[in-house]
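Shown next, in structure tokens, is the structure this report addresses.
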Amino acid sequence: MDFNTKVDEQLIYEGKWLHYKFLHFQVNGHQKVWEFVERPPGHRGGVEIIPIIKYKDKHSQLIVIANFRPPIRKFCLEFPSGLVDQVGTIEENGLREIKEETGYTAQIGNYQYNGVRIRNDPWKSTENEVSIIVDIDGDSEINVNPKQQLESDENIIVYKMNMGKTLADEILQLAKEKDYEISGLLWFFALGQQFNN
């Protein structure tokens with residue numbers, strides 16, 4: 001069987017932001033039905049931003065947000081992110097999101113793995129997003145007192161954390177103190193810092 005071949009899709013529910021579908025296909029002669037969700041047609045995916053604040057005279061810091069997520073009815077520690085608008089490049093959308101959600105003015109960082117498309121939950125969704133790393137000049141006047149530009153339905157708290165091996169402990173401590181959940185992408189990033197020399 002060619003697992004990339006779509007056999008048959010059945011639209012079950014059509015919402016504003018998500019479509020719920022059944023995928024009918026065969027494996028080893030057995031008929032299967034898989035439930036999944038996808039974005040409506042024309043959706044350009046999402047952008048996940050890893051924002052690093054750089055200073056001249058002290059160590060770099062990472063911006064992490066606590067974003068209220070209605071499905072879990074709690075705040076979740078995560079990287080700033082958002083859907084890509086129909087207008088503008090993915091990078092432009094990422095810079096806009098970081099400005100809106102955190103108030104910081106950033107620029108696209110010159111990193112080897114910038115712009116990689118990732119899938120967070122391919123077992124239940126066709127959702128995809130591009131990860132970009134941005135640099136923020138922590139010494140610039142424009143970033144001294146950043147002001148969020150949130151939409152009316154957004155509830156986001158901004159935190160600055162230390163890069164390096166203490167990041168995982170900082171995340172766990174904050175989550176425990178505030179009763180926050182932790183997103184997978186942020187946690188794996190923090191674990192990766194443990195292997196930094």
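No donor-acceptor distance shorter than 3.5 angstrom exists from the side chain of Asn143 to the backbone of Tyr104, with no hydrogens or angles considered. Asn114 places a side-chain N or O within donor-acceptor distance of the main-chain N or O of Gly109, the cut-off being under 3.5 Å. In terms of modelled atom types and a separation under 3.5 Å, the side chain of Arg44 and the main chain of Gly42 share no donor-acceptor contact. Ser183 places a side-chain N or O within donor-acceptor distance of the main-chain N or O of Leu77, the cut-off being under 3.5 Å. A donor-acceptor contact shorter than 3.5 Å is absent between the side chain of Asn128 and the backbone of Gly45. For the pair Gln148 (side chain) and Glu100 (backbone), a donor-acceptor distance under 3.5 Å is absent.
Between Asp121 and Phe36, the closest side-chain pair of non-hydrogen atoms is not below 4.5 Å. Looking at heavy atoms from C-beta onward, Tyr111 lies out of side-chain contact with Ile132 at the 4.5 angstrom threshold. Under the 4.5 Å side-chain criterion, counting only non-hydrogen atoms from C-beta, Met163 is not in contact with His59. In this structure, the side chains of Asp85 and Arg96 come closer than 4.5 Å at one or more pairs of heavy atoms. With a 4.5 Å cut-off on side-chain heavy atoms, Ile52 and Lys54 count as touching. Side-chain contact between Val47 and Glu129 is absent, with no heavy-atom pair separated by less than 4.5 Å. In this structure, Met161 and Ile171 have side chains that are in contact, with non-hydrogen atoms separated by less than 4.5 Å. In this structure, Leu83 and Arg39 have side chains that are in contact, with non-hydrogen atoms separated by less than 4.5 Å.
Interatomic distance, Asn110 CG to Gln112 CD, rounded to the nearest 0.5 Å: 10.0 Å. Between atom CD1 of residue Ile90 and atom CD1 of residue Ile49 there is a gap of 11.5 Å, rounded to the nearest 0.5 Å. Put simply, NZ on Lys56 and CG on Asp139 are 6.0 Å apart, with the number rounded to the nearest 0.5 Å. Taken to the nearest 0.5 Å, the CD1 atom of Ile136 stands 9.5 Å off from the NZ atom of Lys160. Atom CG of Leu186 sits about 11.5 Å away from atom OG of Ser81, to the nearest 0.5 Å. Interatomic distance, CD of Glu38 versus OH of Tyr20, reported as 13.0 Å (0.5 Å rounding).
Other residues, nucleotides and ligands contribute only 12 or fewer heavy atoms inside 6.0 Å of the CZ atom of Arg73. By the 6.0 Å contact criterion, CD on Glu141 is open, its count of non-hydrogen atoms from other residues, nucleotides or ligands being 12 or less. In this structure, Lys74 places its NZ atom where more than 12 heavy-atom neighbours from other residues, nucleotides or ligands lie under 6.0 Å away. In this structure, Asp153 places its CG atom where more than 12 heavy-atom neighbours from other residues, nucleotides or ligands lie under 6.0 Å away.
For the pair Lys124 and Glu35, the salt-bridge criterion is not met [side-chain N within less than 4.0 Å of a carboxylate O]. A salt bridge links Arg69 with Glu78; the closest basic N to acidic carboxylate O contact falls under 4.0 Å.
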Using side chain to side chain contact (heavy atoms under 4.5 Å, CB included), reason through Asn145 and Lys147 one step at a time and then give a plain yes or no. CA-CA 7 Å; Asn145 293 302; Lys147 301 266 191 305; 4.1 Å; yes
Between Phe22 and His24, does the side chain to side chain contact (heavy atoms under 4.5 Å, CB included) criterion hold? Intermediate values first, please. CA-CA 6 Å; Phe22 286 167; His24 301 269; 3.8 Å; yes
Using side chain to side chain contact (heavy atoms under 4.5 Å, CB included), reason through Glu170 and Val64 one step at a time and then give a plain yes or no. CA-CA 11 Å; Glu170 284 190 52; Val64 173; over 6 Å; no
Passes side chain to side chain contact (heavy atoms under 4.5 Å, CB included), Ile118 versus Leu185? Steps please. CA-CA 10 Å; Ile118 57 175; Leu185 289 176; 4.1 Å; yes
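The aromatic rings of Tyr180 and Phe75 sit tilted, their planes meeting at an angle between 30° and 60°. Aromatic ring orientation, Phe189 versus Phe79: perpendicular (interplanar angle above 60°, classes split at 30° and 60°).
Among all heavy-atom pairs drawn from Ile182 and Cys76, the shortest one is C-SG, 3.8 Å. Shortest non-hydrogen contact noted between Ile98 and Pro80 is CD1-CG, 3.6 Å. Ala168 and Gln194 get closest at one heavy-atom pair: CB-NE2, 3.7 Å.
Under the 4.5 Å side-chain contact rule for hydrophobic residues, Ile63 and Leu150 share a cluster. Side-chain heavy atoms closer than 4.5 Å link hydrophobic residues (I, L, V, M, F, W, Y) into clusters, and following such links, even through other members, never connects Val144 to Tyr159. Cluster membership check: Leu191 shares its hydrophobic cluster with Ile50, using side-chain heavy-atom separations under 4.5 Å among Ile, Leu, Val, Met, Phe, Trp and Tyr. By the criterion of side-chain heavy atoms lying less than 4.5 angstrom apart, applied directly or through intervening Ile, Leu, Val, Met, Phe, Trp or Tyr residues, Tyr55 is grouped together with Val158 in one hydrophobic cluster. Val27 and Trp34 end up in the same hydrophobic cluster when Ile, Leu, Val, Met, Phe, Trp and Tyr side chains are linked at under 4.5 Å.
Glu127 and Asn120 share no donor-acceptor pair across their side chains, judged by distance under 3.5 Å alone.
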